[in-house]
Amino acid sequence: MFLWVIRRDLLLAMRQRADVLTTLFFFVIVVSLFPLGVGPEINMLRAMAPGVVWVAALLASMLSLERMFFSDYLDGTLEQMLLSPEPLSLLVLGKALAHWLVTGVPLALIAPILGVQFDLSIDALLVLTASLLLGTPILSLIGAIGAALTLGLRGGGVLVSLLVLPLYIPVLIFGAGAVEASSVGLGASAHLSLLGAFLLLSLVFAPWAAAVALRISLE
Amino acid sequence: MAINWFKYSSPPSFYSLAGKMIPLFSITSIVLFALGLYIGFFVAPTDFQQSEAYRIIFIHVPAAWMSMFLYLIMAGWAAIGLAFNTRLSSMIATAIAPTGAMFTFLALWTGAFWGKPMWGTWWVWDARLTSELILLFLYIGFMALQAAIDDPRRADKAGAVIALVGVVNIPIIYFSVKWWNTLHQGATVSLTQSPKMATTMLTGMLIMSLACWMYSIAVILMRTRTIILERERNTMWVSDLQGAA
Amino acid sequence: MLKVTNLECVRGENSLFKDINFILEAGELLQVNGPNGSGKTSLLRILCGLAKPAYGEIQWRGNFIHSLDEEYHSVITYLGHLNGVKDNLTAIENLCISCALAGNEIDEKKAYGALQYMGLGGREALPVKVLSQGQRRRVTLARLLVCSTVLWILDEPLVALDNAAVDLVQRLLEQHLEEGGMVVMTTHQEINVTAVLTKRLQLV
């Protein structure tokens with residue numbers, strides 16, 4: 001059942017590849033804009049890189065949140081999911097996971113190429129990818145709550161950013177912090193384990209909160 | 001004598017009770033504000049390090065306290081409303097949000113005014129300031145979500161979910177920001193290193209925070225009354241009320 | 001047995017309906033009639049637990065449905081006025097997935113059979129977006145053929161269907177009722193189903 005949800009969402013994403021690619025290109029463009037805005041001074045760029053890549057990843061993941069429930073809401077599939085004999089939180093977990101697979105994972109994989117533009121070292125690039133792989137599922141999970149709450153509201157897209165971005169702050173701090181720490185030679189394991197702890201926390205609580213939110217929004 | 005508290009959980013009886021309590025809280029708050037400001041401006045001694053500028057803490061600190069307390073109280077009422085489906089608790093939560101946001105803004109603003117003469121800058125990415133800013137975002141998110149939903153019952157419940165998610169996250173956010181701050185700032189300016197406070201200063205500050213409490217309660221009661229009237233405008237008791245007026 | 005007592009539904013500030021009482025036994029059909037906006041869809045959504053009534057209770061075999069929750073979901077099939085099919089998936093994928101989501105995994109052979117019965121033979125592998133409204137409705141209704149639930153809650157199942165398909169659905173309902181199933185449905189059309197008992201509920 002859980003697997004069916006993931007399989008279905010991935011199948012749908014495959015049929016609408018343009019959506020997935022749009023998110024990815026958004027990420028690439030935002031990251032590429034920063035050097036143009038602040039100048040090509042390489043030391044400054046290197047210092048900025050983790051933060052820039054992470055903020056762009058936050059925005060890209062947030063922009064694609066609407067996709068998580070909205071089309072299912074419009075065509076009535078979400079109603080059917082609410083009536084499923086399986087726990088709704090499990091379904092939400094499946095949808096968040098599928099969202100991560102089609103947004104978070106591609107972002108994490110393309111990030112090293114963007115990091116090269118900012119002259120990051122190999123170690124820093126590896127940590128960047130690792131931190132994105134650990135951090136982006138948290139974004140999908142927390143984002144599920146925001147997407148569920150704003151389902152079908154006017155201005156839902158902007159509203160989601162108001163609700164969700166403040167909650168993303170810890171992920172941003174430790175995700176970007178990990179890369180920074182590794183580039184100054186402190187080692188990133190502390191940051192990464194904290195991200196891992198956040199991930200576990202959000203795996204436990206977020207699907208449940210999003211399920212409550214979905215029931216509220218569909219009543 | 002036992003008081004039947006549940007009687008006041010119905011909107012009509014709460015409406016009349018609140019109406020009786022508002023003058024009480026308003027007057028207490030005015031008296032306390034007058035007293036607190038008098039102590040703050042005329043009785044409390046001039047600080048030898050910070051001169052007169054420090055006096056802004058008589059507003060700043062109570063406002064910062066209120067901003068945090070009110071968020072917790074708001075989330076508490078919202079949670080009760082969600083769990084027990086009590087309309088009044090959700091209305092109180094909705095009524096608290098603007099006051100809380102106002103105090104958060106006040107704390108940030110007075111903080112900036114204090115920071116300029118003390119630190120030479122309006123804004124410092126200090127852990128407390130940053131957390132306070134994020135708290136303001138959380139308040140705004142709560143209000144924006146409720147404003148976007150037309151159905152009041154859905155607005156109540158959705159607001160409760162986001163308020164509770166916020167409460168769970170506040171410690172995490174505060175801890176992250178604090179940690180981030182110590183990592184980044186070489187010479188940290190810390191609010192905690194302020195010199196030992198004179199007793200009169202402390203008294204003034206406590207009276208001011210009490211005044212803020214009274215003010216908040218009065219304003220929240222007023223706002224709750226307005227929300228009750230708005231939501232129950234088609235009921236018998238509201239038209240009776242209009243007939244009587 | 002489905003038992004409904006004193007049900008009231010409030011939308012905004014208006015009471016849509018109140019004091020709805022009925023009992024539905026095995027083999028019975030309840031047809032809900034009423035003009036547009038009388039709360040037919042709201043009633044069905046309340047019956048399947050998607051919405052909460054302002055007042056009143058619904059019991060399934062003696063238990064309140066909100067305490068049964070997911071257990072109750074496994075005995076009902078709800079087809080709303082939204083089709084619940086994905087434009088970008090084929091008919092066969094849609095059927096398999098919607099059954100799986102309802103906790104009823106079926107093999108492809110069974111799914112092909114159901115689509116064939118619904119008159120969609122040869123169109124199983126087409127994406128639903130190229131099908132007509134009536135054909136999409138048939139994809140949705142094909143679920144009734146393969147599900148094993150007792151209580152069917154159907155919101156305007158006959159909309160957009162041609163005469164042949166209406167006949168098919170009527171036979172399907174008859175068969176379900178003969179086997180001891182129950183049906184609650186709304187429709188604007190006259191239906192011709194032989195049931196143990198057809199009850200009517202008029203909403204105003």
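Here is the naming used below: chain letters follow the sequence lines, and residue numbers restart at 1 for every chain.
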Item to complete: Would you mind checking if Glu93(C) and Arg7(A) are paired as a salt bridge, meaning a charged N to carboxylate O distance below 4.0 Å?
Response: no

Tightest non-hydrogen contact, residues Leu101(C) and Met81(A), listed as CD1-CE, 3.8 Å

Worked check of side chain to side chain contact (heavy atoms under 4.5 Å, CB included) between Arg215(A) and Leu50(C): CA-CA 8 Å; Arg215(A) 287 197 199 282; Leu50(C) 276 172; over 6 Å; no

If one checks every heavy atom of Tyr73(A) against chain C at 4.5 Å, the contacting part turns out to be backbone

So, the part of Glu79(A) with a heavy atom under 4.5 Å from chain C: the answer is both

Turns out that what part of Asn83(C) lies under 4.5 Å from chain A's heavy atoms comes down to backbone

So, the part of Arg143(C) with a heavy atom under 4.5 Å from chain A: the answer is side chain

Side chain to side chain contact (heavy atoms under 4.5 Å, CB included) for Glu70(C) and Glu86(A)? Distances and angles first, verdict last.
CA-CA 7 Å; Glu70(C) 275 131 13; Glu86(A) 301 283 330; over 6 Å; no

Turns out that what part of Ile76(C) lies under 4.5 Å from chain A's heavy atoms comes down to side chain

| Heavy-atom check, side chain of Asp75(A) versus side chain of Leu82(C), under 4.5 Å | no

Okay, Leu88(A) and chain C: the region with an atom under 4.5 Å from a heavy atom over there is backbone

Okay, Val75(C) and chain A: the region with an atom under 4.5 Å from a heavy atom over there is neither

- Starting from the C-alpha separation in whole Å, work towards a yes-or-no answer on side chain to side chain contact (heavy atoms under 4.5 Å, CB included) for Ser71(A) and Lys86(C). CA-CA 9 Å; Ser71(A) 73; Lys86(C) 286 273 162 213; 3.1 Å; yes

